[in-house]
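Below is one structure, written out as structure tokens; the observations come after it.
Side chains included, hydrogens not; waters and symmetry mates left out as well; all remaining heavy atoms used.
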Amino acid sequence: DQQVKQNSPSLSVQEGRISILNCDYTNSMFDYFLWYKKYPAEGPTFLISISSIKDKNEDGRFTVFLNKSAKHLSLHIVPSQPGDSAVYFCAASENDKIIFGKGTRLHILP
Amino acid sequence: DAGVTQSPTHPIKTRGQQVTLRCSPKSGHDTVSWYQQALGQGPQFIFQYYEEEERQRGNFPDRFSGHQFPNYSSELNVNALLLGDSALYLCASSWGGSNQPQHFGDGTRLSIL
């Protein structure tokens, strides 16, 4: 039973446009949400996080939105750049235990 | 400033054997978590060590055990290896609990023949 779901295995976006990656969760006890980016043969790299008491957090080109009533969060990347091509993992935390989604592979097209 | 380092890189074992994976956390970090990532899946939490004790554990059998040393480095031991244990094993370090963003190593790819 997946508590964190990323329903899109892959996404292709034109360079310069906005990339939107989505994530749904089922456990209302999650209190912290994170996005990680992973290149091949490397470990995941932390991108951005959001506490459950907020609905938006922004860091440069990356913005995470949290909709608690819908149990949904999204990561917006604008403008998208070639180096953004990677696998993105959504993760959620409850009591120091982090649950990851399966990831979405983002392709930035030239 | 060294990040998280893991060894060995790619051990190859046979069914029934035992393996020990090692992790050195990022400088200044005192908490180590271990994850298993199967092909096409996200990382799955195995357990977390803090102050040399196991604080949290995911849904993994007792064949998976660990240890944390006084210098905060950690080992993951897997006994009686099964074919299904073939995966990428990731170590992540943080400070004071996993809600601090974790820094991941590049992983150990374990192959079981």
Just to verify, which of A:Y25, A:F33, A:W35, A:Y36 counts as forming a ring pair (Phe, Tyr, Trp, His ring centres under 6.0 Å) with A:F100? A:Y36
Select one option (side chain, backbone, both, neither) describing which atoms of [X] are under 4.5 Å from chain A's heavy atoms.
{"X": "B:Q56", "result": "side chain"}
{"X": "B:R109", "result": "neither"}
{"X": "B:Q6", "result": "neither"}

Pull out the residues in residues 39-64 of chain A that come under 4.5 Å of chain B, heavy atom to heavy atom, sorted by number. A:A41, A:E42, A:G43, A:P44, A:F46
Close approach to chain B in residues 13-23 of chain A, criterion heavy atom under 4.5 Å: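 Those residues of residues 13-23 of chain A which would need a heavy atom under 4.5 Å from chain B do not exist here.
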Can a donor-acceptor pair be found, under 3.5 Å and without considering hydrogens, that links the side chain of [X] to the backbone of [Y]?
{"X": "A:S93", "Y": "A:Y32", "answer": "no"}
{"X": "B:S93", "Y": "B:V32", "answer": "no"}
{"X": "B:E54", "Y": "B:G66", "answer": "no"}
{"X": "A:E94", "Y": "A:F30", "answer": "no"}
{"X": "B:Q37", "Y": "B:L88", "answer": "no"}
{"X": "A:K97", "Y": "B:R57", "answer": "yes"}
{"X": "B:R63", "Y": "B:N79", "answer": "yes"}
{"X": "B:Q68", "Y": "B:D30", "answer": "yes"}

Do the side chains of B:F64 and B:Y89 get nearer than 4.5 Å, heavy atoms only? yes
Verify the cluster assignment for B:W95 and B:V4: are they in a single hydrophobic cluster under the rule of side-chain heavy atoms below 4.5 Å apart?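 Different clusters: B:W95 never reaches B:V4 through Ile, Leu, Val, Met, Phe, Trp or Tyr contacts under 4.5 Å.
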